[in-house]
Amino acid sequence: MDLTTLMTIVEAGVGQTADTAASAITGVDLRTAGAMIGAGICMGFGAIGPGIGEGYAAGRACEAIGRSPENAGLLTRTMLIGQAVSESTGIYSLVVALLILFVMR
Amino acid sequence: MEIDPHHIELIGRLAGAGFALGLGGVGAAIGMGMAAGSADEGIMRQPQAQSSMLRTMLIGQAVGGSPSIFALVVGLLILFVPAMDLAHVGGNFIAMLVGAGLAVGFGCFGSGVGCGFPAAAACEGLARNPSRSSRVTSVMVIGQAVAQSPAIFATVIALILLFFYQHPGTDWAMMGICVGAGIAIGAGALGPGWGSGMTAGGAMSGIGHWPRSHGVTLRTMLVGQGVCETPAIFGMLVAFIMLFAMQNLQNDIVGFAKAVGAGIAVGFGGIGPGIGSGIAGKSGAEATATRPRLDALVLRTMLIGQAVSQSTAIYALIIALVLLYVI
Amino acid sequence: MEHIGERLIWYYVPFTDIAMPGGGLNVLTVFNTIVTMVTLWVLFWLGARKRAEVPGPGQAVVEMIVGAFDGLVASSLEFEEREANRKFFPLITALFVFLLLSNYIGFLPTQYFEEPTADINTTLSLGIMGMAIATYCGCRSKGVLGYLAELCGPMWAEPGIAGKLSAVFFFPLNVIGELSKIVSISFRLFGNIIGGSIIIIVVSQLTYNLVVPIGLDLFFVFFVGVIQAFVFTMLTLTYISVGIK
């Protein structure tokens, strides 16, 4: 059952006349709607991994600095490199979401 | 085809209450289990400190159980809130109930798990150092209270939906706003609640080992928790924008998709950054307790790490705002 | 409930073309900011008026705040001499007490007192101010070229072409990172304060202004207010000290 039928059923149950655009969903509308939800899913779920991974790197860096504070500069630099690399998948998600929104819809 | 309005009402109530109670109870159950498990271990190690450990465990479970109580209250409201206009109950009503259920279900999940970390760490610390019971308990309750604020945000969005968004009929825009706002604050509060609890847990285990550095550790914990909650704040802002400032959202399936997509982006986008900042905060608080003289250095590293790990939450916020305003 | 939406539309929502009343100047925010500043000035003047050897209660409170922040700033900046640490001390202390009193002013039970920090313009300008100071200090201590080289990533200084090429990757990342600091620091404070006030409004309406909102006030105004003021201050201090080092 696709969205259109579901909507018609719900409206029939309410006893309303289908006067809004709901009754006339075109393929273009569905495509745009899919692109928007898809962009949301892309960015939303794509942000989970990098967030946890970068936090893990930061946590380990904190522990290491607590153990050997004289290497703080080196440890911070290493942490930032690792975070930047794991950030790249988040950037891919952002780029793909923007591509979906502005180019492919 | 005719459908009885009562059936439509029932669909919404059952779906919404299912999300609210099913998801909302899981977190607190896990958290309470962690507390009980570590209290067991502690009693096994130090049977003479049983009473203080039992008290700490019960206090921790009582405070940590309140997210599930929020979920219970909202779930019961979803089941029994009076429908204002029963004759015209439609898709809006279903979407409103489902949105409220998603908000409170996901939102209380994270805080429920999160509140378990400090309780477990407190019991473990008491097993090591039973004389510090009152100080450990007070820091634990502070940490749990801060870890619960994402769940409170989610509960309030659910209440706003339940009492001010009962619209008759079926509109794409209204359905999208209800579901989108629910996902935005609900999923957005999951990670921060969890992470904020991890930070409190790290601080508690640090204080349990090194009770002398209690002051600086508390400071690092509160700063770390405050930063952890940023993704939940983003989710709440997007939910408020949808609820109060989106009257001219287009009323077709595209408008529906806009609102739901924005909610998914900022909501699920907040899970990772929230948990990640929590991991960073946990290690930061532990390191501060171990070496209190390094507190400034560790705090700085922790804040940089948390800020970087939250950049993906900001990307998600950008996508949500682009969806709502630009497209 | 309607006025919540009005508040959001009036001066919060970016990207809208809705005309702001008073040309974008929110009279209530300006009024409350001035009230906060005058109150702070009077309180600190009263506390520091008579500098006795054995401090009275007012002087003791002022000395406590000043002493705590002196130690905090010194331990964060870690300069050798005391005077260099003192340079940022007034800024940080003033920021904290201003934010604290701004967060608390919403507790006064009239409609004329709203938290200035519940206006995105206040927090955004404070965040931009903090980042501008941090950038300026970074440029001062490392030179403009040194600061830019730091933006090019940690591998820029290493010999070889790979280090230079990595700047293509790191430079945009770091610039976005610097900008996102402003967004996160100001939206965190704003969201917490306006979230608390909206929660109190909603629960007051649902419980017909019975006892519950007072407990929420205690949590959201006094507890969250002091934590968020401290977080904002600490983050500004941290960004400044990162810029210097």
Side-chain angles (χ1 to χ4, degrees), chain A residues 3 7-16 20-22 25 29-30 32-63 65-67 69 72 75-76 79-80 83-84 87 90-91 93-94 97-98 101-102 105, chain B residues 1-5 7-8 88-91 169-172 191 251-254 256-258 260-269 271-280 282-284 286-287 290-291 294 297-298 301-302 304-306 308-313 315-316 319 322-323 327:
Chain A
L3 272 173
M7 206 66 199
T8 334
I9 291 172
V10 171
E11 286 204 344
V14 180
Q16 277 182 331
T20 52
I25 294 174
D29 277 348
L30 269 182
T32 317
M36 283 173 178
I37 294 190
I41 292 176
C42 172
M43 191 63 236
F45 286 82
I48 296 179
I52 298 181
E54 287 165 35
Y56 194 76
R60 285 291 167 273
C62 283
E63 280 174 15
I65 285 180
R67 236 173 270 135
L75 288 168
T76 313
M79 175 187 90
L80 285 177
Q83 284 186 323
E87 173 96 12
I91 304 243
S93 300
L94 178 71
L98 289 175
L101 284 181
F102 288 109
R105 79 194 157 96
Chain B
M1 187 160 54
E2 282 290 319
I3 299 179
D4 190 359
H7 290 177
I8 295 182
H88 296 106
V89 155
T170 302
D171 302 305
W172 282 114
N251 190 9
D252 58 8
I253 191 168
V254 178
F256 175 83
K258 263 186 196 177
V260 174
I264 292 177
V266 78
F268 286 95
I271 294 180
I275 298 181
S277 326
I279 299 174
K282 170 174 174 278
S283 303
E286 264 175 357
T290 326
R291 306 279 290 266
L294 292 178
L297 186 62
V298 172
T301 316
M302 181 188 89
I304 297 172
Q306 287 184 321
V308 176
S309 88
Q310 280 175 358
S311 52
T312 43
Y315 302 155
I319 290 290
V322 163
L323 271 169
I327 299 288

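A note on names: the letters A, B, ... follow the listed sequences, proteins ahead of strands, and every chain is numbered from 1.
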From [X] [atom1] over to [Y] [atom2], what is the distance, rounded to the nearest 0.5 angstrom?
| X | Y | atom1 | atom2 | value |
| --- | --- | --- | --- | --- |
| A:C62 | B:I279 | SG | CD1 | 12.0 Å |
| B:I253 | A:L30 | CD1 | CG | 4.5 Å |
| B:S311 | A:E54 | OG | CD | 5.0 Å |
| A:I65 | B:S283 | CD1 | OG | 11.5 Å |

Mind listing the closest non-hydrogen atom pair of A:E87 and B:V308 along with its distance?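 Smallest heavy-atom distance, with atoms named: OE1-O, 3.8 Å.
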
A:G55 versus B:S309, closest heavy-atom pair with distance: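 In this case the closest contact between A:G55 and B:S309 is N-CB, 3.7 Å.
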
Heavy-atom cut-off 4.5 Å, strictly under: side chain, backbone, both or neither for [X] against chain A?
| X | result |
| --- | --- |
| B:A316 | both |
| B:A257 | both |
| B:K258 | both |

In terms of heavy-atom pairs under 4.5 Å, which option from [options] contacts chain B the most?
| options | value |
| --- | --- |
| A:A58, A:G53, A:G66, A:A61 | A:G66 |
| A:A35, A:G34, A:P69 | A:P69 |
| A:L98, A:L101, A:T32, A:L80 | A:L101 |

Option that, when pairs with chain A are counted at under 4.5 Å, heavy atom only, ranks first among B:V266, B:I304, B:T290, B:L323: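 Looking at each of B:V266, B:I304, B:T290, B:L323 in turn, B:L323 comes out on top.
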
Identify which of B:G305, B:G274, B:A313 forms the greatest number of heavy-atom pairs closer than 4.5 Å to chain A.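 Most pairs with chain A among the choices: B:G305.
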
Would you be so kind as to tabulate the donor-acceptor pairs closer than 3.5 Å made by side chains of residues 38-52 of chain A, with sequence neighbours excluded?
none

Give, as side chain, backbone, both or neither, the part of A:L75 having an atom under 4.5 angstrom from any heavy atom of chain B. neither

